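Take a look at the structure set out below.
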2 protein chains.
Amino acid sequence: MDTASGRKALRKTLHDRGMRMTPQRQLVLDAVRELEHATPEQVCRRVQRTAPTVNITTVYRTLDLLDRLGMVRHTHLGHGAPSYSVRAHEHVHLVCHRCGRLEQVPCELLDPLSGTLRAGHGFELDASHLALSGTCRDCLKEIP
Amino acid sequence: MDTASGRKALRKTLHDRGMRMTPQRQLVLDAVRELEHATPEQVCRRVQRTAPTVNITTVYRTLDLLDRLGMVRHTHLGHGAPSYSVRAHEHVHLVCHRCGRLEQVPCELLDPLSGTLRAGHGFELDASHLALSGTCRDCLKEIP
DNA sequence: CTACGTGCAAAGGTTTTGCTAGTGT
DNA sequence: ACACTAGCAAAACCTTTGCACGTAG
């Protein structure tokens with residue numbers, strides 16, 4: 001989904017619930033789409049390149065709104081602020097706890113685990129909301 | 001490992017690095033062992049039952065120290081403060097993002113995934129540092 | 001007119017930092 | 001004496017809240 005169709009979908013979703021399409025909401029959604037894995041702070045800076053007066057409060061409120069509407073989603077990468085992405089780009093996140101590098105792998109990689117948890121614990125896994133932590137390829141080389 | 005042997009191991013580890021065993025460090029380690037999955041705030045309250053003057057700053061510094069020494073470990077459960085446990089009690093954490101319930105499952109459940117990530121991405125998974133998110137059995141019943 | 005959305009300022013919770021004073025070796 | 005610790009206060013960081021103004025329907 002590109003920027004234009006994303007805006008259209010947003011407008012419709014908002015309208016269906018008696019909410020309004022505003023420049024701020026368009027810009028926040030655009031920023032999340034363009035940046036991928038952006039913190040609220042980063043989204044705010046991006047939005048402010050176009051509309052310098054937009055307040056970080058509005059960014060927080062809008063990200064929360066878009067999240068509840070299902071148009072974006074946030075991932076907790078461990079320390080610090082959560083990271084926002086558009087729904088269409090869902091991955092499993094691998095965070096290296098040594099260098100901080102973020103990798104993305106397809107959600108399907110977790111299908112076997114997902115099945116095991118569903119069968120064994122009645123737990124329906126949401127692969128993209130939390131990251132997996134470990135040590136990345138490059139850091140492994142440097143550890144004897 | 002019980003409290004007494006935990007303290008002994010701590011004393012040795014600290015001594016080997018020219019650091020000192022202090023009442024605060026003993027108490028923080030004991031609290032983490034007793035509480036399991038405790039936030040720094042909870043650890044602090046527990047420690048203060050015995051030693052009311054211990055400052056939260058000391059708790060943060062001590063938890064960080066014990067973490068670097070490999071005696072405790074913290075898990076990010078998503079929102080909010082991290083959760084500390086002693087190393088011996090390692091699990092995979094499942095957090096329900098609907099009701100907040102925390103379940104623990106054996107780390108071995110992630111062995112297949114761990115192998116896949118190692119082979120396919122050179123990524124060495126650390127199963128217990130981040131939680132897995134999803135919907136728990138009870139909440140699934142309530143969603144049509 | 002009314003409900004909604006925004007910006008601003010302030011507060012809230014959590015974690016870190018700078019500094020001083022105390023203590024064990 | 002010296003290095004290591006602890007406590008305190010303040011800062012930093014991230015996020016939420018209260019309120020008043022503006023605007024679309």
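Because the structure is a prediction, the values reported are computed rather than measured. Per chain, numbering begins at 1; letters A, B, ... match sequence-line order.
- The distance from atom CG of A/Leu14 to atom P of D/dA24 is 16 Å, rounded to the nearest whole Å.
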- request: Begin with the C-alpha distance, continue with both residues' side-chain angles, and end with the deciding distance and a verdict on side-chain hydrogen bond (donor to acceptor under 3.5 Å, both in side chains) for A/His37 and A/Gln104.
  value: CA-CA 11 Å; A/His37 305 296; A/Gln104 305 180 26; 2.4 Å; yes
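- None of A/Leu132, A/Val92, A/Leu110 except one satisfies the side-chain contact (heavy atoms from CB on, under 4.5 Å) rule with A/Val105; the exception is A/Val92.
- Exactly one of B/Asp64, B/Asp67, B/Asp126 qualifies for a salt bridge (charged side-chain N to carboxylate O under 4.0 Å, His left out) with B/Arg73. That residue is B/Asp126.
- One atom, CE of A/Met21, and another, P of D/dG25, lie 13 Å apart when rounded to the nearest Å.
- In the set D/dT15, D/dA24, D/dA6, the nucleotide with an atom closest to the side chain of A/Arg20 is D/dA24.
- Under the 6.0 Å cut-off for aromatic ring centres, B/His76 and A/His76 do not qualify, their centroids lying 6.0 Å or more apart.
- For A/Arg11, the CZ atom counts as loosely surrounded, since its 6.0 Å shell holds 12 or fewer non-hydrogen atoms of other residues, nucleotides or ligands.
- Side-chain contact between A/Val28 and A/Leu65 is absent, with no heavy-atom pair separated by less than 4.5 Å.
- If you take CD of B/Gln24 and P of D/dC8, they are 11 Å apart, rounded to a whole angstrom.
- Using a 4.0 Å heavy-atom distance criterion, B/Glu41 is classed as making no nucleic acid contact.
- For the pair A/Tyr84 OH and D/dC14 P, the computed distance is 13 Å after rounding to whole Å.
- Rounded to 10 degrees, the angle between the two end axes of the helix from C/dC1-D/dG25 to C/dT25-D/dA1 is 10°, with five pairs used at each end.
- Ring to ring, A/His97 and A/His79 are not that close: their centroids are 6.0 angstrom or more apart.
- Contact between the side-chain N/O atoms of B/Thr22 and the OP1/OP2 oxygens of D/dC4 is not found at any separation under 4.0 Å.
- Side chain of A/Arg87 to backbone of A/Met71: no donor-acceptor contact under 3.5 angstrom is found.
- Using a distance-only test at 3.5 Å, with no hydrogens or angles considered, no donor-acceptor pair links the side chain of B/Glu34 to the main chain of B/Ala31.
- Near DNA chain C, defined here as any heavy-atom distance below 4.0 Å, the residues from residues 44-82 of chain A are A/Thr53, A/Val54, A/Asn55, A/Thr57, A/Thr58, A/Arg61, listed numerically.
- Following rounding to the nearest Å, B/Arg25 (CZ) and D/dC4 (P) show an atom-to-atom distance of 11 Å.
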